[in-house]
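If you're wondering where the values come from, they're calculated on a predicted model, not measured in any experiment. First the proteins, then the strands, lettered A, B, ... as listed; each starts at 1.
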Protein chains: 2
Amino acid sequence: MARMHYTRDNMAGLLRSHDINPTHQRIEIAHALFSRQEHLSADQVMAIVNTRHSETSKATVYNTLKLFLEKGLVREVIVDPSKVFFDPNTSPHHHLYEVDTGRLSDIDAEQVQISGLPPLPAGMVTEGIDLIVRVRRKA
Amino acid sequence: MARMHYTRDNMAGLLRSHDINPTHQRIEIAHALFSRQEHLSADQVMAIVNTRHSETSKATVYNTLKLFLEKGLVREVIVDPSKVFFDPNTSPHHHLYEVDTGRLSDIDAEQVQISGLPPLPAGMVTEGIDLIVRVRRKA
DNA sequence: TCCGGATATTAGACAAAGTCCAGATTGCCG
DNA sequence: CGGCAATCTGGACTTTGTCTAATATCCGGA
């Protein structure tokens, strides 16, 4: 993806290009995710968006993240049973999860190869393949 | 792993061989998991164990599953943000998750090959590699 | 400009999964 | 039997996320 500055104005364009009506709150949430290129949980998004004074409700944060997900603007990463992370990087890639710190980072899919997967059951389509490497600091 | 009958007596041996004191409740929980070779959530385990009349408390089910996990008797599978599954199959394998039904099944690791993973960050050891194929019934 | 409907947002009640704790039980050993 | 350690328990609590009914905002047309 071409490099760009993640200004709030650009966010509006990004949202529109994904068929999302760019409202105030949606722009803030998109900005939170895209300006840091990080994996954030709903909680973290809420905290960021509401730093100064409360601006966006919990319901809206959840609604918006779900909407972004449906529209393919972000990806969901399920590595920790206690919370879901949202990933602004939608290009194919995998994840490295540091179990003890909770840090989550990307592994480019380019050079990784997965082969020998059995055929899918009839009438099924793949929705996605998640590869998660769980690591821990050496004792 | 050699085939065997998952009787309650054998469960006691299995627990002992994993350095777990085989109590009544632990045997029941192990039996629930190993007699059906399925992925069960804590809820499901509790339901199975307490079919006739309530016998085992929620706290014990959670404590016991966590203990089994630490002792390497079962594996945790995180595919659904709303619940964790416990997998009595600890041999290396991957998972196929049917998103719409919630069904989870095994993919033998034998013929699957993953290559080209980047080197780990210094001082880190791999705790496990989870490969999850998410599928959905074709529309 | 004003109106009306569609779209968004909100607070707060609610639900589900999981944790925690202090007290009761159990099992074992002398 | 008495006592100690390990285990189990009910129930309160926390966290993440969902739902709902009411309100606010936006926008196009008269």
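- OP1 or OP2 of C:dT10 has at least one side-chain nitrogen or oxygen of A:Q25 nearer than 4.0 Å.
- Which of C:dT9, D:dT9, D:dT16 sits closest to the side chain of A:D43 comes down to D:dT16.
- Considering only side-chain atoms of A:Y62, the nucleotide from D:dT16, D:dT7, D:dT9 that sits closest is D:dT16.
- Each of A:R136, A:R103, A:K138 was scored for a salt bridge (charged side-chain N to carboxylate O under 4.0 Å, His left out) with A:E98, with one residue passing: A:R103.
- Whole-Å rounding puts the B:D80 CG to D:dT16 C1' distance at 13 Å.
- Straight-line distance from the CG atom of A:N63 to the C1' atom of D:dA21: 14 Å, rounded to whole Å.
- For A:L40 and D:dG17, the CG to P distance is 13 Å, given to the nearest whole Å.
- Candidate nucleotides D:dT7, C:dT19, C:dA11 were compared by shortest atom distance to the side chain of A:A59, and C:dA11 ranks first.
- No donor-acceptor distance shorter than 3.5 angstrom exists from the side chain of B:E70 to the backbone of B:L67, with no hydrogens or angles considered.
- If you take CD of B:E55 and C1' of D:dG10, they are 16 Å apart, rounded to a whole angstrom.
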| task | Decide yes or no on side chain to side chain contact (heavy atoms under 4.5 Å, CB included) for B:L15 and B:F68, but give the supporting numbers first. | result | CA-CA 9 Å; B:L15 294 182; B:F68 285 4; 3.7 Å; yes
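- Relative to the side chain of B:R26, the nucleotides C:dA8, C:dG18, D:dT7 differ in distance, and D:dT7 lies closest.
- Checking the phosphate oxygens (OP1, OP2) of D:dT9, a side-chain nitrogen or oxygen of B:T60 falls inside 4.0 Å.
- The side chain of B:K58 approaches D:dA12 more closely than any other nucleotide in the set D:dA12, D:dG17, D:dT18.
- In this structure, of C:dT19, D:dT7, D:dT16, it is C:dT19 that holds the atom nearest to the side chain of B:K66.
- Nearest-nucleotide assignment on DNA chain D puts the 5′-proximal partner with B:S57, out of B:P81 and B:S57.
- Note on B:T23: a side-chain N or O is less than 4.0 Å away from OP1 or OP2 of D:dC8.
- Put simply, CG on A:L69 is 14 Å from C1' on D:dG17, counting in whole angstrom units.
- Rounded to a whole Å, the CE atom of A:M46 is 12 Å from the P atom of C:dT10.
- Here D:dG10 presents its P atom at 9 Å from CG of B:N50, a figure rounded to the nearest Å.
- Using a cut-off of 4.0 Å between Lys/Arg side-chain N and Asp/Glu carboxylate O, B:R134 and A:E127 are scored as not salt-bridged.
- Contact annotation: A:N21 side-chain N/O to D:dC26 OP1/OP2 distance is not under 4.0 Å.
- Straight-line distance from the CG atom of A:L65 to the P atom of D:dT18: 10 Å, rounded to whole Å.
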| said: One pair to check against side chain to side chain donor-acceptor pair (under 3.5 Å): B:H93 and B:D108. What are the steps and the verdict? | reply: CA-CA 5 Å; B:H93 67 280; B:D108 201 351; over 6 Å; no
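- At the heavy-atom level, A:S41 lies nowhere under 4.0 Å from the strands shown.
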